[in-house]
Amino acid sequence: MNFLNKMPVLLQRNNYECGIACIAMLISKQEGQKIETRKLKGSKEHIGREGTDLQYLKGLSESVGYTFKAYKVPKLPEQVLEGYLQSPLMVHWDYNHFIVVEMVQDTHITIIDPAKGRRKISSEEFYAHYSGVAVSLRKQNKQGYSLTHLTSKSAIGRLGKYLSKEKKLLVYIILLSFLFQGLNLIAPFFTQYVIDTFMQSEQGNMNLKTLALLAGIVTIVFFGLSIVRMFWIIKLQVHINKRLTHQFVRKVFSLPMKFFEINSSGDIATRINNIAVIREIVSRLASTLILDISLLVVFSGVMLFYSPLLSVLVFAGAAIQVVCTMYLLPKIEVFTKQEVNSQASFQSQLVEILRSMTFVKTVGNTDSVEQELNGVFNDQIDHFSKKMKISSVLGGVSNSINLSLPLLVIIFGVAIGMQSGMTIGAVVAFSTIAGRFMSPLGSIIGSLESIKMVEEMMDRIESVLEEEDEILNQENGAQFDPARDRIELDQVHFGYDSKEDILQGIQLTVHPKDHICLIGRTGSGKSTLFKLIAGLYKPTQGSIRIGNHSLDQMNLVQLRDNIGYIVQDVSLFNDTILNNIKYFNESVSDQDAIQAAKDACIHDDILQFPMGYHTIVGENGISLSGGQRQRISIARVLAKKPSLLLIDEGTSNLDQKTEQEVLSNLRRRDMTVISITHRTSSFKEYESVYELKGGSLHLVETQHPSNLAATN
Ligand SMILES: Nc1ncnc2c1ncn2[C@@H]1O[C@H](COP(=O)(O)OP(=O)(O)OP(=O)(O)O)[C@@H](O)[C@H]1O
């Protein structure tokens with residue numbers, strides 16, 4: 001198999017992407033060009049906790065002109081060897097994953113696991129994981145159907161988009177780098193001049209003084225130029241880092257909830273950290289790559305000018321290095337991707353473990369947790385070390401050529417020089433230039449490795465930047481009028497994946513200033529209903545109306561400004577209580593924060609703390625009791641003075657008396673309240689109580705005049 005036509009290894013970026021990555025690999029192989037997984041995504045609505053199903057993958061393949069056939073094949077390797085099925089195939093693995101079977105041979109099977117890369121496994125290992133379903137993908141005969149929109153652009157091309165905003169700075173850096181290297185170039189001529197003049201002249205001493213002065217001036221200029229160049233490079237780094245990070249953070253805030261369901265916080269954080277690596281590499285590339293290429297051209301010219309024959313020798317050395325690079329670079333690319341992916345997995349696991357430290361500590365024997373974490377880290381280091389080993393083979397080739405070439409040049413140069421009239425100085429100068437020629441070549445090869453790193457990281461960042469924003473209708477959406485607008489849910493259906501709907505025909509009307517309560521068995525869909533009201537998800541059927549408008553037409557930013565959402569899982573940040581209550585909201589005064597704390601019945605507790613409102617709560621409020629954390633989170637929501645309050649078991653950690661106090665304080669605030677609770681004792685605080693059962697809402701009891709008829 002031609003290595004250039006080998007199936008590219010496309011790794012998944014999260015656990016949900018394995019099927020899509022397999023499809024992208026199979027299509028890439030048939031198209032003969034690399035298809036990007038992130039561009040091959042259909043509607044995200046169908047990607048859920050379980051990833052993608054065969055139905056979704058079939059639709060996706062057909063949408064790009066491929067037929068998708070799934071077979072139940074118990075004996076897959078045998079079927080392929082007997083010619084009944086043709087590899088490559090996508091197969092179901094461990095009942096929860098997809099991989100590609102690239103090739104089946106008598107002795108082994110070559111698979112590409114989008115989570116781990118290419119591997120050769122025995123048939124026993126294959127059967128230990130194979131779930132019995134294989135999928136073939138064949139191109140439909142669609143004339144003129146092009147998939148160029150799915151192919152990957154080079155990292156340089158993609159970075160160009162960001163670098164184009166720094167044109168001026170880039171030009172300065174490149175010009176200065178040229179000047180810098182120009183001065184470097186003087187050295188060989190200087191050597192030739194010194195050797196030849198000194199050997200021929202009797203008054204060499206005189207010339208040497210002038211030359212020493214010249215060398216001193218060049219050194220000072222060199223120093224000045226290097227400082228200015230470095231400052232510009234730093235400026236470029238700062239600009240790139242700021243621009244990409246700000247853009248990324250902004251994007252993260254504008255993405256829909258679905259994104260956060262399938263991407264872990266550790267992974268998102270790693271992507272942001274990758275920007276710093278990109279910054280370093282890009283600025284290095286900007287200051288060296290163009291220069292290195294130009295130097296190669298200039299040095300080639302100078303060498304050809306000196307001696308075409310000796311130049312052939314140098315070019316042969318360079319050709320060996322280029323061929324080795326072409327062969328080894330794809331391997332470096334795969335390990336780079338695996339390293340970056342496992343770094344993200346490690347970060348995700350670390351964040352998750354650190355978040356649940358209380359549980360981890362009380363497990364007793366933490367060895368297994370430690371082993372799990374170390375295992376993920378070892379994967380990362382393993383890929384890193386494999387990458388570095390290949391990279392060092394490449395470095396070894398380059399070093400050996402660098403070492404031997406000048407020597408060979410001297411030997412051949414002296415021999416040729418005898419006949420062609422080259423002076424010893426010219427041969428030495430040529431040998432120095434040959435050494436210098438190899439250095440930008442080595443640097444370009446190093447840059448190619450770095451570009452692979454940038455490519456992978458840019459892919460990870462761009463796959464976020466290209467995600468579709470949540471539609472917020474901020475400019476022209478309808479405004480929520482809390483004093484007048486009713487919230488009406490009409491035959492609302494909703495399900496997270498393609499499975500059965502959790503909510504099946506919800507009917508509910510909430511009038512302004514109503515206080516209503518939802519009950520229902522755990523997992524019945526109460527929190528989901530809240531998320532629909534807050535516009536975080538859209539009903540799959542039916543409608544939610546706010547006043548005279550459908551929720552789709554509302555300005556969601558303004559609506560959410562008016563909503564206070566007290567969630568089950570309190571999350572406080574490591575700052576003072578006051579800042580936790582204000583939550584970066586400048587419109588919340590200290591007075592508002594204190595009043596909110598009073599209404600949440602936490603004010604007295606706060607006054608008992610050593611620093612009062614300025615007490616630092618520790619990470620996620622570790623220094624507080626569960627009830628205190630919950631009341632601070634209630635105060636945080638009340639401080640922004642919402643007109644619609646959604647309480648998702650937000651008082652579950654409070655004792656009955658405190659809960660009742662909080663609820664009656666809420667009465668004094670001018671708000672509509674919808675609350676989820678499991679406590680029957682708090683029913684009397686609400687006008688109506690609804691039960692969510694079997695996907696629909698049933699009125700249990702009411703004191704609301706408009707609903708009395710319904711219960712009767
Ligand atoms: N992001 C999600 N993706 C897929 N399924 C989900 C998601 N969130 C919740 N579910 C599922 O939806 C169902 C309803 O969950 P929901 O959190 O709305 O229930 P709940 O009534 O609030 O439960 P509880 O009283 O335990 O908080 C559950 O079966 C849950 O597993």
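Atoms within each ligand, like the ligands themselves, are counted from 1 in listed order.
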Report task. Taking only Lys NZ, Arg NE, NH1 and NH2, and the carboxylate oxygens of Asp or Glu, determine whether Glu467 and Arg271 approach each other closer than 4.0 Å. Result -> no
Query - Minimum side-chain heavy-atom gap Thr658-Arg631 below 4.5 Å - result: yes
Report task. Going by the salt bridge (charged side-chain N to carboxylate O under 4.0 Å, His left out) test, name the single residue among Lys251, Lys538, Arg560, Lys258 that passes it with Glu470. Result -> Arg560
Query raised in the report: Hey, which atoms in ligand 1 end up nearer than 4.0 Å to a heavy atom of Thr528?
Result: 14 (C), 15 (O), 16 (P), 18 (O)
Query raised in the report: Under a 4.0 Å N-O cut-off, is there an ion pair linking Asp592 with Lys641?
Result: yes
Query - Ion pair Lys337/Asp459, N-O distance below 4.0 Å - result: no
Requested in this report: Report yes or no: does a heavy atom of Gly525 sit under 4.0 Å from some atom of ligand 1?
Outcome: yes
Query raised in the report: Of the backbone atoms (N, CA, C, O) and the side-chain heavy atoms from C-beta on, which set of Thr522 has a member under 4.0 Å from an atom of ligand 1: side chain, backbone, both, or neither?
Result: both
Report task. Return yes or no for this condition: an N or O of Gly523 is under 3.5 Å from an N or O of ligand 1. Result -> yes
Query raised in the report: What atoms of ligand 1 come closer than 4.0 angstrom to any heavy atom of Glu261?
Result: 1 (N)
Report task. Give me the ring orientation class for Phe377 and Phe346: parallel if the planes are under 30° apart, tilted from 30 to 60°, perpendicular past 60°. Result -> tilted
Query raised in the report: Taking both backbone and side-chain atoms of Ser524, is any N or O found less than 3.5 Å from an N or O belonging to ligand 1?
Result: yes
**Report entry** Among Phe494, Phe530, Tyr496, Phe260, closest by any non-hydrogen atom to atom 9 (C) of ligand 1
**Finding:** Tyr496
Query - Contact partition for Lys526 relative to ligand 1, non-hydrogen atoms under 4.0 Å - result: both
Query raised in the report: Going by heavy atoms, is Glu649 under 4.0 Å from ligand 1?
Result: yes
Query raised in the report: Ile23 and Ser61: which non-hydrogen atoms are nearest, and at how many Å?
Result: CD1-OG, 3.2 Å
Query raised in the report: Does His678 have a heavy atom less than 4.0 Å from any atom of ligand 1?
Result: yes
